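As C-alpha cells, the structure follows; a few thoughts come after it.
Computed over heavy atoms, backbone and side chain alike; hydrogens, waters and symmetry mates excluded. Keep in mind that what you see is a predicted model, and the values were worked out from it rather than measured.
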Protein chains: 2
Amino acid sequence: MFYTVGEAAKRLGVAPSTLRYYDKEGLLPFVERTNGGIRMFKQSDFEGLRLIECLKKTGMPIKDIKRFMDLCSVGDESISERLEMIDRQRERVLEQIEQLKENLQILDYKHWYYETAKAAGTCAVHDSLSAQDVPSDLRAARENLEGGVQERAKGS
Amino acid sequence: MFYTVGEAAKRLGVAPSTLRYYDKEGLLPFVERTNGGIRMFKQSDFEGLRLIECLKKTGMPIKDIKRFMDLCSVGDESISERLEMIDRQRERVLEQIEQLKENLQILDYKHWYYETAKAAGTCAVHDSLSAQDVPSDLRAARENLEGGVQERAKGS
DNA sequence: TTACTACTTAAAGTTAACTTTAAGTCAATA
DNA sequence: TATTGACTTAAAGTTAACTTTAAGTAGTAA
C-alpha cells in the first residue's frame with residue numbers, strides 16, 4: 001500500500017529527484033517517513049500530487065503551489081483563500097486557452113500560406129494575391145500577422 | 001518609416017535588450033543597420049517579429065525559431081520544410097489546448113469542492129458526499145483527480 | 001563644441017525548475 | 001555478515017531566456 005520515492009516517481013512519470021525537490025520546497029507536507037527517514041507515499045498522496053501536476057501544467061510557480069499546500073495544511077480556516085487561488089488559476093487558464101487559439105489562427109494562416117507557395121513553387125505567388133484570395137476564415141489572422149497598417153499595391 | 005531598437009521594443013511591448021538578444025541569436029536576420037551600426041526596424045520587419053512572438057508564445061524554443069528564420073532566408077527551396085515546421089507547431093498547440101482544457105476541468109471541480117466546503121464551513125462535508133452528489137459535469141474530473149483506484153467507504 | 005540620450009557589444013548576472021554528484025544510510029538477500 | 005540497490009541530504013551544476021553592467025559610439029540640440 002506504500003510507495004518509495006522511486007516507485008511513486010515511476011507511477012507519476014517524473015524523476016525521483018523531482019519529487020525530492022518538490023518535498024524540499026515544501027510541496028509535499030503530507031508525505032510521511034519511516035523511522036529510517038525513507039518517504040512513504042500512500043494512495044491519498046497521489047491526489048495531492050495530481051493537483052500539483054495540474055497547477056504546474058497550468059503555469060503556477062512552485063512558490064505559489066507551496067502557498068496553496070500550506071493553506072491546505074492549516075485546515076478549514078483557509079477554505080476561502082484556497083477558493084480564491086483556484087478561481088484565479090481558472091481565469092489564467094481561460095486566458096491561456098484564448099491566447100493559444102489566437103496563435104493557432106496565425107499558424108493556420110501560415111499553413112495555408114506555405115501550402116499555396118508549395119503548390120506554386122514560390123512564395124512570390126502571394127505577391128499577386130489580395131484579401132479575397134485568402135480563405136475567409138484566415139483573413140483575420142493575416143491582418144493580425146501583417147499589422148494591418150498598410151495595403152500593398154497589387155501586381156505592381 | 002524606421003524604428004530604432006527602443007522604438008520597436010516599445011511598439012512590441014518588450015524590452016530593448018530582448019530584441020538585441022533575439023538579434024544576437026540569429027532570429028532577426030532581416031533587420032538592417034545604418035552605416036553607424038544602428039538597427040533600423042522597418043514596417044515589414046514587424047511581420048517577422050509577430051510570427052516570432054506567435055512561435056514563442058506557443059512554446060517553440062529560440063533555437064527552433066532561429067532554424068525557421070534561417071529557412072526563410074534561403075528562399076523558395078525551403079518551403080516544404082517551413083510548412084512541416086508550421087504543421088508540427090500547429091499540432092503542439094492543439095495538444096496544449098487539450099491539456100489545458102483537461103486541467104481546467106480539475107480546477108472546475110476544485111472550485112465546486114471549495115464552494116461547497118465554504119458553504120458548509122468545513123471540508124469534512126465532502127466525506128459524506130458520494131459520486132451522485134457531485135455535479136455530473138465534474139464527476140470525470142473528480143475521478144481523474146482521485147485516481148479512481150478505490151472507493152472510500154461512506155459515512156464510516 | 002559640448003552635452004545628452006539612446007544606441008552599440010561583450011560579458012557577467014539572474015531566475016526557475018530541475019538534475020547531478022558526493023558521501024553516506026537503510027533494508028533485503030545470499 | 002557482507003553485498004547490493006535504492007534510499008538520504010547538501011551542495012553544486014545545468015538550461016533557457018533573458019537582463020544588467022561596463023565601456024564606448026552615434027546623432028541631435030544648444
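Computed from coordinates, the A:Lys56 NZ to C:dC18 C1' distance equals 9 Å when rounded to whole Å. The interatomic distance linking B:Ile38 (CD1) with C:dT9 (C1') rounds to 13 Å, in whole Å. If you measure from atom CG of A:Asp23 to atom C1' of C:dA17, you get 16 Å, rounded to the nearest angstrom. Rounded to whole Å, the distance from NZ on A:Lys57 to P on C:dA17 is 16 Å. In this structure, A:Asp64 places its CG atom 16 Å from P of C:dT15, rounding to the nearest Å. Separating the CG atom of A:Leu28 from the P atom of C:dA17 is a distance of 15 Å, rounded to the nearest angstrom. Between the C1' atom of D:dC7 and the CD atom of A:Glu7 lies a distance of 11 Å, rounded to the nearest Å. A:Ile65 places its CD1 atom 13 Å from the C1' atom of C:dC18, with the value rounded to the nearest Å.
Taking only side-chain nitrogens and oxygens, B:Thr18 never comes nearer than 4.0 Å to OP1 or OP2 of D:dA17. The phosphate of D:dC18 (OP1 or OP2) has a side-chain N or O of B:Tyr22 nearer than 4.0 angstrom. For D:dT9, one of the phosphate oxygens OP1 or OP2 lies less than 4.0 angstrom from a side-chain nitrogen or oxygen of A:Arg33.
The residue among A:Arg39 and B:Ile62 whose nearest nucleotide of DNA chain D is located toward the 5' end is A:Arg39. Of the two residues near DNA chain C, B:Gly6 and B:Lys24, the one whose nearest nucleotide lies more 5' is B:Gly6.
In summary, the side chains of B:Thr58 and B:Gln96 do not present any donor paired with an acceptor at a separation below 3.5 Å, with no hydrogens or angles considered.
Ranking D:dC18, C:dT19, D:dC7 by closeness to the A:Ala15 side chain, first place goes to C:dT19. When distances run from any side-chain atom of A:Ser17 to the nucleotides D:dT8, C:dT20, D:dT19, the shortest one goes to C:dT20. Residue A:Thr4 has its side chain nearest to D:dC7 when only D:dC18, C:dA17, D:dC7 are considered.
Side-chain atoms of A:Asn144 do not come within 3.5 Å of backbone N or O of A:Ile106 as any donor-acceptor pair.
Paired with B:His126 under the rule ring-ring contact (aromatic ring centres under 6.0 Å, His included), one option of B:Tyr109, B:Tyr114, B:Tyr113 passes, and it is B:Tyr113.
At a threshold of 4.0 angstrom between heavy atoms, the contacts of B:Pro61 are confined to the sugar-phosphate backbone, with no base atom among them. Using a 4.0 Å heavy-atom distance criterion, B:Arg20 is classed as a base contact.
Side chains of A:Ile52 and A:Leu28 form a contact here, defined as non-hydrogen atoms less than 4.5 Å apart.
Taking 4.0 Å as the cut-off between side-chain N and carboxylate O, A:Arg11 and A:Glu7 do not count as a salt-bridged pair.
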